[in-house]
There are 2 protein chains.
Amino acid sequence: MSIKGQPPQSQAQTHSLSQMEKRPLYEQIKETLLARLAADYWRPGELLPSEPKLAGEFGVSQGTIRRALDEMVSQGLLTRHQGRGTAVTEHTPFRFFDLLRADGARELPESKTLRISVNAASRTERDALELATGKKVIRIIRVRYLNLEPKIYETISVSRDLFSAFATMDARDVPNTIYNYYEQKFGVPVVSKRDRLRAASATQVEARYLHIDVGTPLLEIECVAYSHRNQPIEQRISRCLTDEHHYCSSPS
Amino acid sequence: MSIKGQPPQSQAQTHSLSQMEKRPLYEQIKETLLARLAADYWRPGELLPSEPKLAGEFGVSQGTIRRALDEMVSQGLLTRHQGRGTAVTEHTPFRFFDLLRADGARELPESKTLRISVNAASRTERDALELATGKKVIRIIRVRYLNLEPKIYETISVSRDLFSAFATMDARDVPNTIYNYYEQKFGVPVVSKRDRLRAASATQVEARYLHIDVGTPLLEIECVAYSHRNQPIEQRISRCLTDEHHYCSSPS
DNA sequence: ACCTCAAATTCTTATATAAGACTTAGAACA
DNA sequence: TGTTCTAAGTCTTATATAAGAATTTGAGGT
């Protein structure tokens, strides 16, 4: 029984990759790992146990672990290096920011929060965030600067039930890279998003903050951010001045 | 030798998955299959040989074939069904059309070609299509209709060297779903694309064709379409009226 | 400071078994 | 005689495991 390299103690009971389950093993394992990631079991940048170790822990072969990890890598959740190990991806602040300069370079925007308010969710907010009628949302309105010039007028909506801490927060304390904040303060990582884009005209308010004329064409990006299991986390409507930048779709 | 179902003639010598090669087998196989796809060795919708057959042909195990096929499936080139087989994906006309109605439904646009011309390639065209200085392009300008209303003013640019047949074509004969035409007439399938989006103002010409006022905000989509091996095929600039439709990014 | 070697890791390939889908032979029935 | 249904058989892809190769890292020696 005393095989060298065996993991310490008894820890083989808690996983229960139920044999009765119809779903394939690698999928159950992926789900478990996903849950751990969501629970901050491993920190971003941290190395996961090696494939053989995980295989031992779950009582399956290395290849099965590998398949689960492969899928998470293709989702951008993990990063692997031969000879080194498998790490939790550290999301750069750029990960979900798709406005590029003409030369293709990315600039990190600065942000100035204008207002935080609590409102009844609108129809589109309820649809996007999958909220029941009567639920409330917290709205954060801010202006974002690229190369020190105001380029984006942005309205962020989140469920008050999930992010009540925002309601009492001072506008100055709203962090710039807010997805990181969701992950660190609330333990809710944003792992995917879906964008819808239109052309629009600058309103009076937008014109004032973006230093442009009323009616100037703006690129409107309506973005819904999702956490694990496709749970919608945030709706964001960004109205962007695209004189020096453009939105870049991920190559399909 | 006369095994039933055997492909005709001798075809087992040409593969040469050179043992000297440093690249993994599955990658070399993928490359070969990709080349066959590009050469129209199998037609869209057609079933490929089964995994064991391919394994036998290439002299590798089924798992290795599987890995090559898996990657091509994830790129959307192949479609697999357990128990049936692996087929070449038939691209619907919608595959690369990202303008959706508010309810999320897709409408196939009608097109009216306005003009076909041959010009020296502009700077952006040369960049997009990777053409040498002095090379010429064929430009196709057309209006596209959604639900019978003019919504898109579109300029298509392709290399004259590759698509000379366009130069002498009557405007009325330009097909609506032009990617299919590339694949069927020129044997050049479009397998991916990259979009860049901006907000813009309708010019006088656009205003006339789209039945709108000059200066109306339009969504400008600059799209470069690629064939196998990332060869750029076409640049397309679509200026879209987004009062009833919106651009939808593929979920990342 | 540089080189060598050993240990740990992921990567590649192969093989075996399971599960789903289509085909066809043949019985049952009209 | 023709039709319909059933079930077995055969083809397909899906899943799981194992073993050796390639790569990185770091310790130890020169």
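Naming: A, B, ... by sequence-line order, numbering from 1 per chain. A quick note: this is a predicted structure, and the numbers were derived from the prediction, not measured.
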What is the distance from [atom1] of [X] to [atom2] of [N], rounded to the nearest Å?
X     : N      : atom1 : atom2 : value
B/I29 : C/dT12 : CD1   : P     : 13 Å
A/L54 : C/dA8  : CG    : P     : 16 Å
A/L47 : D/dT25 : CG    : P     : 10 Å
B/I65 : C/dT15 : CD1   : P     : 13 Å

Give a yes/no on whether any side-chain N or O of [X] is located under 4.0 angstrom from OP1 or OP2 of [N].
X     : N      : answer
B/R66 : D/dT13 : no
A/R80 : C/dT9  : no
A/T86 : C/dT10 : yes
B/K53 : D/dC11 : no

Strictly distance-based, threshold 3.5 Å: is any side-chain N or O of [X] a donor or acceptor partner for the main-chain N or O of [Y]?
X      : Y      : answer
A/R198 : B/Y247 : no
A/S164 : A/D161 : no
A/E31  : A/Q28  : no

Hey, are [Y] and [X] close enough side-chain-wise for a donor-acceptor pair under 3.5 Å?
X      : Y      : value
A/Y226 : A/E234 : no
A/E183 : A/H91  : no
B/T89  : B/T79  : yes

Between the protein and nucleotides 2-4 of chain C, which nitrogen or oxygen pairs are less than 3.5 angstrom apart?
none

Problem - Pair A/F166 and A/Y181, ring centroids less than 6.0 Å apart - result: yes
Tabulate atom names and distances for all N/O pairs under 3.5 angstrom spanning the protein and nucleotides 16-21 of chain D.
residue: D/dA16; atom: OP1; partner: A/L25; partner atom: N; Å: 2.7
residue: D/dA16; atom: OP2; partner: A/Y26; partner atom: N; Å: 3.4
residue: D/dT17; atom: OP2; partner: A/S61; partner atom: N; Å: 3.0
residue: D/dT17; atom: OP2; partner: A/S61; partner atom: OG; Å: 3.4
residue: D/dT17; atom: OP2; partner: A/T64; partner atom: OG1; Å: 2.8

Practice task
Select from A/H81 and A/R67 the residue whose nearest nucleotide in DNA chain D is closer to the 5' end of that strand.
Solution key: A/R67
Report all interatomic pairs (protein N or O, nucleotide N or O of nucleotides 22-24 of chain C) with separations under 3.5 Å.
residue: C/dC22; atom: OP1; partner: B/R84; partner atom: NE; Å: 3.4

Problem - Close side-chain approach of B/H245 and B/E107, heavy atoms under 4.5 Å - result: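 Contact flag for B/H245/B/E107 side chains = yes.
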Handout entry: Note, B/L77 side chain near B/L34 side chain (heavy atom, < 4.5 Å)
Key = yes
Practice task
Give the nucleotide from the list D/dT13, C/dT9, D/dT15 with an atom nearest to the side chain of A/S50.
Solution key: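 When the side chain of A/S50 is considered, C/dT9 is the closest of D/dT13, C/dT9, D/dT15.
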Exercise for the section: Evaluate salt bridge (Lys or Arg N to Asp or Glu O under 4.0 Å) for A/D70 paired with A/K30, printing each intermediate quantity in order. Expected result: CA-CA 10 Å; A/D70 275 339; A/K30 182 182 167 188; over 6 Å; no
Fill in the blank from the handout: Taken to the nearest 0.5 Å, the spacing of A/E51 CD from A/Q62 CD works out to 4.5 Å
